[in-house]
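Letters A, B, ... mirror the listed sequences (proteins, then strands); counts begin at 1.
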Number of protein chains: 2
Amino acid sequence: MPTRRRGEELEATILEAAWAEIQEHGYNRLTVEGVAARAQTGKQVLYRRWPNRAQLAVAAIRHTLGPLVTEAPDTGSLREDYLTVLRLMAGRARHYTPELLHGLMPEVWGLAGEISSALPGVIAEILRNAAARGEITHADLPERVAMLPLDLVRYEGMRSVVRWAEITEADAEKVVADILDTVFLPLVMALAGPSSRPE
Amino acid sequence: MPTRRRGEELEATILEAAWAEIQEHGYNRLTVEGVAARAQTGKQVLYRRWPNRAQLAVAAIRHTLGPLVTEAPDTGSLREDYLTVLRLMAGRARHYTPELLHGLMPEVWGLAGEISSALPGVIAEILRNAAARGEITHADLPERVAMLPLDLVRYEGMRSVVRWAEITEADAEKVVADILDTVFLPLVMALAGPSSRPE
DNA sequence: CCCGTAAGAGACGGTGCGTCTCTAATCGGG
DNA sequence: CCCGATTAGAGACGCACCGTCTCTTACGGG
């Protein structure tokens, strides 16, 4: 009577069950028993694949959220290019809810690094394009400056998580624009603007 | 035979015991039973005062780490003033070890806000002093700009915690100087430097 | 067709939270 | 100085859930 699942199929079912449980209850109240029951399997099947509850959750998140950015946008303006990347990050950040993260910050931080490992290259390319266009005089800004908007967006994200606050799309848009217009672009123009003295 | 402690005395003993347990094992492996045993009392005495393990830990941290900055430094230079504040923060950050924080981020974030509630006022005063000295043309920088170094230092702190990395004093000093010299001061000079156009 | 692998189901021990219970020390009021 | 209210000190208890172990049985490769 009962048809047994195996391999890929079974694993996908489990990870989707785990993701559903996280969405419903958050990580803290995710139970291995609950996931097994929802996937209609036994705990041993889970423990055969992942060493503990945390790694199961991480696998479920990875399974649901793929890599972030793969290639650099090229809209013809530094502001728009960077804005595109930040919007992607902010959109993604809305999946990282407090319920998902609490109790799981270190693991998810590592995962986020893996997911967005292409970011530094993308930013470098955006800056090179801007330099080629003449928007800025050179693309080799200090690391800290080039990555500044990314760091600030991540900081805002962590801050909301830790305050148990949800991020609305409108808020995210405002924050992202603010970071670019009142911090990043003025700074970049001061360091490498076409009208500034060449260093 | 046994002499019983009460009130303040008992409470201080418990909080010191809790702090000691946190130092030894970290929050995650802090047990209420352990604290009670170390303080030579019963669990009920703890639960009579704090509703759960997390609040006990928060109380212990608050008991050990007092408020951060109370009044603005005034060294005669914007850079040195701000550097002084950042050094205080970085020094304090070295108490917020990964072991202490894991599993307790939201609670400690709230506590940190309480502990450093004087910061915004201090920063505002530092900027006013710089304006009075003529280092900058005006002190009403955008909120995000004025607080930028604080946010970046906090971000670095959270990042180390989440990566289970300790912060050495030398590293902290380097990061703090980098934030001021490659990000904050260039930006402030661009927005309100004496040689920039008055807006 | 047969055997090794792994699924499905659930029992089990262990840890540690938060509650409850009980005795007796201490404090404050009269 | 005594008496009653309070609460310290000690530990048992129920409960939730992790991670391990055991057992039977379906499946698939050779």
Under a 4.0 Å heavy-atom cutoff, the residues of residues 47-56 of chain B touching DNA chain D are B/Arg48, B/Arg49
Closest heavy-atom pair and its distance - [X], [Y]:
X: A/Pro186; Y: A/Leu180; result: CD-O, 3.8 Å
X: A/Ala18; Y: A/Leu30; result: O-CD1, 4.0 Å
X: A/Thr137; Y: A/Pro194; result: CG2-CA, 3.8 Å

Rounded to whole Å, the CD-C1' distance (A/Glu9 to C/dA7) equals 12 Å
Please give, in whole Å, the distance from D/dG28 P to A/Arg5 CZ?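 So the two atoms are 13 Å apart, to the nearest Å.
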Only residue of B/Leu86, B/Val175, B/Val85 satisfying side chain to side chain contact (heavy atoms under 4.5 Å, CB included) with B/Val153 is B/Leu86
* Asked: In residues 99-110 of chain A, which residues come under 4.0 Å of DNA chain C by heavy atom?
  ->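 Result for residues 99-110 of chain A: none.
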Numerically ordered, the residues 26-40 of chain B set in heavy-atom contact under 4.0 Å with DNA chain C is B/Leu30, B/Thr31, B/Val32, B/Glu33
Whether A/Arg144 side chain and B/Ile179 backbone form a donor-acceptor pair below 3.5 Å: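 Side chain of A/Arg144 to backbone of B/Ile179: no pair is present.
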Checklist entry - Counting distance only, does the side-chain N/O of A/Ser77 pair as donor-acceptor with the main-chain N or O of A/Glu80 below 3.5 Å? => result yes
If each end axis of the helix from C/dC1-D/dG30 to C/dG30-D/dC1 is fitted on five C1' pair positions, the angle between them, to 10 degrees, is 20°
dist B/Met105:CE -> B/Leu100:CG (nearest 0.5 Å) comes out at 11.0 Å
| task | Give me the ring orientation class for A/Trp164 and A/His102: parallel if the planes are under 30° apart, tilted from 30 to 60°, perpendicular past 60°. | result | parallel
Dump every N/O contact between nucleotides 20-23 of chain C and the protein below 3.5 Å, one line per pair.
{"unit_1": "C/dC20", "atom_1": "N4", "unit_2": "B/Gln44", "atom_2": "OE1", "d": "2.5"}

Q. Using a cut-off of 4.0 Å on non-hydrogen atoms, how would the nucleic acid contact of A/Arg6 be classed: base, sugar-phosphate, or nothing?
A. base
request  = Sort and list the pairs that fulfil salt bridge (charged side-chain N to carboxylate O under 4.0 Å, His left out) and have at least one residue in residues 35-57 of chain B, not counting sequence neighbours.
outcome  =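 For residues 35-57 of chain B: B/Glu11-B/Arg49, B/Glu21-B/Arg38, B/Glu24-B/Arg38, B/Glu33-B/Lys43.
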#### Entry: Sidechain N-carboxylate O distance under 4.0 Å for A/Glu166, A/Arg94
no
